[in-house]
There are 2 protein chains.
Amino acid sequence: MIPTVYDIAKVAGVSLATVDRVLNNRPGVRKVTYDKVQQAIKEIGYVRDISAANLARRKVYRFAFLLPESQGPFVASIRDSLDTVEAAKITDRTRILVHSIPINDPHATARILDRFAPEDIDGVAVMAQETPQVRDAMVRLRDRNIAVVAFVSGQPPVAQDHFVGIDNVAAGRTAAMLMGRFLCCDDARVLTISHSMQARDSLERRLGFDAVMREQFPGVEVLPTLETHGDPVRVGKVIAQARRVYLNISGVYMFVSASSALLESLRKAGLFSSTVTIAHELTLHTKQSLLKGEIDAVITQNVGHLVRSALRVLRSKCDGLNFDPSQEKIRIEIVTRENIH
Amino acid sequence: MIPTVYDIAKVAGVSLATVDRVLNNRPGVRKVTYDKVQQAIKEIGYVRDISAANLARRKVYRFAFLLPESQGPFVASIRDSLDTVEAAKITDRTRILVHSIPINDPHATARILDRFAPEDIDGVAVMAQETPQVRDAMVRLRDRNIAVVAFVSGQPPVAQDHFVGIDNVAAGRTAAMLMGRFLCCDDARVLTISHSMQARDSLERRLGFDAVMREQFPGVEVLPTLETHGDPVRVGKVIAQARRVYLNISGVYMFVSASSALLESLRKAGLFSSTVTIAHELTLHTKQSLLKGEIDAVITQNVGHLVRSALRVLRSKCDGLNFDPSQEKIRIEIVTRENIH
DNA sequence: TACTACATGAGGTGCGTACCTCAAGCAAAG
DNA sequence: CTTTGCTTGAGGTACGCACCTCATGTAGTA
């Protein structure tokens, strides 16, 4: 049989109340008694039944997700996924709050983080550009005993915290490998496009992309990254200008989830027909372009996995359990017309 | 607040005992009363708290996995994963039994399946070649009220059952796309290797592979599939012979998890150095070859995901819940040197 | 009318845990 | 010796649910 708290009491030779005091870190236990109980726990291999504990405790996990208030399809799909999970988790004692945060205002983000109190919130997943303000606020959250994970963008502020998302350097390397092999020729020019090279994920992807290109496809010239800053009007201009300045473009790599404006601009510039195109994040738009043959490959991370992994990690942290990092590693997926289902 | 059984009783105007009779399909309830309770359940949106129910019921999920008694690294990694999960699930009321089944004896497999009784086993995951005997035995399991999923190989015998694994036709298509593009030339010869073309997964992969090759790379000649039948000695001979018969081989596609004997034979035959090679399943062997540059891409399915998905689906079936098929779709992963981590 | 079969209610117990109260014991400090 | 403070035990209640017993009601049948 699976050992229970009663077994601990029996083996340790103490009362149930004392076992309870030890298990739940309540005060009023002498060191010797404490050790005796811990010894018994180890001896019989007791593992707390979390579902029973949560039942007794009337525990509800309250998690907040801070997402950029972007209108992009990628973030939108994250919101959708959160809604779905929320609906399914009613019975799972998990409540999810989604906060929108301004993209370029780290102070506002930090302020929102600072408002979270352990009485209302058990854990927070933060998808934000990495800035000192946000990093510090995340550390303060941890100090207030609120679980924290960095979500998709950014980086965990301290080593103990967790990052939910793909390895962006590896993603860039993968993109470069596909680009290099798909190009099938020794010299070529590749256009690279991003929102902003301030963002850590774009930077890391570029890093990985450049590295593999240098090592394995030295004949390919990678052009300086065009930055669209999420502005639909600017996008068109930037693309058109690049089209004029750089001749013989045979590859296009978009570091970030492509907006419909960006895809439309590329279409108008005639860049799809003659190039190998690689994009990130499988959204409605990239999916369409993939099926039309405009985009050749999309490197993506499964949004459902992202959300569920974040929830699992946050829950483990709240329960004081250590989770299996290999299970929580988010895979880099390569999607083409052939495996898009 | 989340509604409980008490709320049902209140709203339906019946006693708790009657609510219990309805919820657990116990006899002795008039149709009108039954409907009244069901109406109340809908009205207040009651959802059974499964963890509390399992606690009260002292429920332990007992699942059996039937795996081929193969010595291959892929099945071995599934066994490993099952062990890990088993260890982690002690507290999760899940007990896992692993049965080995002979590869070419469908009657033996059917006999094992027929021995399972609902008193001992709640669900079974079957990884077996698809034969009428096994199919029928799986149907009989279902009839005995034991949850069934087809695992990795084969196909669910009836539509309501579930298949845990990748879409093998799509996997073959993906392989063809990579092969075609990596070859970078209009005419080429591709060697294809499998254990046995009797197996459904090999067949489906070949199907997808051929389709994409025909459509998109008509210049590529796909050779008849060599069958190794898992025999290390035979493997070497078959490969050597193929090497003599077919000149100018520029691509190799292995439909199944490659054994070390197969990889060694290819190495000896000098087939790695001059060809684009694509294999299935990321194992210790394929990983090494990938890192050495012998294999160019591995198409794989995450074993941990496979196992956990099977468990989730089996548990949902036992609980009478319907699961989210989109969450349970196993992704086709493409692994190269660049994203292998 | 008396008997039967069935439908329902009332109430209890237990699952493994959390959390609370109260009393008793003990040792050190005054 | 009394007071104070700390440690420990005994015992109860609750969480949401399953499962059981027994009593009572109600309708139909002989």
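Naming convention: chains lettered A, B, ... in sequence-line order (proteins, then strands); numbering from 1 in each chain.
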Using the heavy-atom set of chain B and a strict 4.0 Å cut-off, write down the first and last nucleotide of DNA chain D that makes it in, 5' to 3'.
-> D/dG16 to D/dC19

Please identify each residue that fulfils side chain to side chain donor-acceptor pair (under 3.5 Å) with B/D167, with sequence neighbours left out.
-> none

The correct set of residues in residues 29-40 of chain B placing a heavy atom under 4.0 Å from DNA chain D is none

Quick one: salt bridge (charged side-chain N to carboxylate O under 4.0 Å, His left out) pairs with a partner in residues 146-162 of chain B, sequence neighbours left out?
-> B/R142-B/D161, B/D161-B/K317

Residues in contact with DNA chain C, drawn from residues 4-12 of chain B - heavy-atom cutoff 4.0 Å | none

Using ring-ring contact (aromatic ring centres under 6.0 Å, His included) as the criterion, list what pairs up with A/Y61, not counting sequence neighbours.
-> A/F63

Contact class for A/A17 (heavy atom, under 4.0 Å): base, sugar-phosphate, or nothing?
-> base

Do B/S316 side-chain atoms and B/R312 backbone N/O form a donor-acceptor pair below 3.5 Å?
-> yes

State, without any angle test, whether B/Q301 and B/E281 hold a side-chain donor-acceptor pair at a distance under 3.5 Å.
-> yes

Angle, rounded to 10°, between the helical axes spanning five pairs at each terminus of the helix from C/dT1-D/dA30 to C/dG30-D/dC1?
-> 50°

Is it true that A/D49 and B/R93 make a salt bridge, defined as a side-chain N closer than 4.0 Å to a carboxylate O?
-> yes

Look at the side chain of B/N302 and the backbone N and O of B/G304, then say whether any donor-acceptor pair between them is shorter than 3.5 Å.
-> yes

Provide the start and end nucleotides, 5' to 3', of the part of DNA chain C that has atoms under 4.0 Å from heavy atoms of chain A.
-> C/dG16 to C/dC19

Any donor-acceptor pair under 3.5 Å from B/R144 side chain to B/D114 backbone = yes

Which part of the nucleic acid, if any, lies within reach of A/N24 when heavy atoms closer than 4.0 Å are counted: base, sugar-phosphate only, or nothing?
-> sugar-phosphate

Sequence neighbours excluded - salt bridge (charged side-chain N to carboxylate O under 4.0 Å, His left out) pairs with any residue from residues 3-17 of chain A | A/D7-A/K10

Not counting sequence neighbours, list each pair that qualifies as a ring-ring contact (aromatic ring centres under 6.0 Å, His included) and has a residue in residues 142-161 of chain B.
-> B/F65-B/F151

Would you mind checking if A/K31 and A/D35 are paired as a salt bridge, meaning a charged N to carboxylate O distance below 4.0 Å?
-> yes

Residue pair B/T18/B/L55 against DNA chain C: nearer the 5' end by closest nucleotide is B/T18

Decide whether B/S309 and B/E328 meet the rule of one side-chain donor and one side-chain acceptor closer than 3.5 Å.
-> yes

Across all chains, not counting sequence neighbours, the ring-ring contact (aromatic ring centres under 6.0 Å, His included) partners of A/H99 are A/F116

Pairing residues for A/Y46 by the ring-ring contact (aromatic ring centres under 6.0 Å, His included) criterion, not counting sequence neighbours | none

Counting only N and O atoms by type, is there a donor-acceptor contact under 3.5 Å from the side chain of A/R135 to the main-chain atoms of A/P157?
-> yes

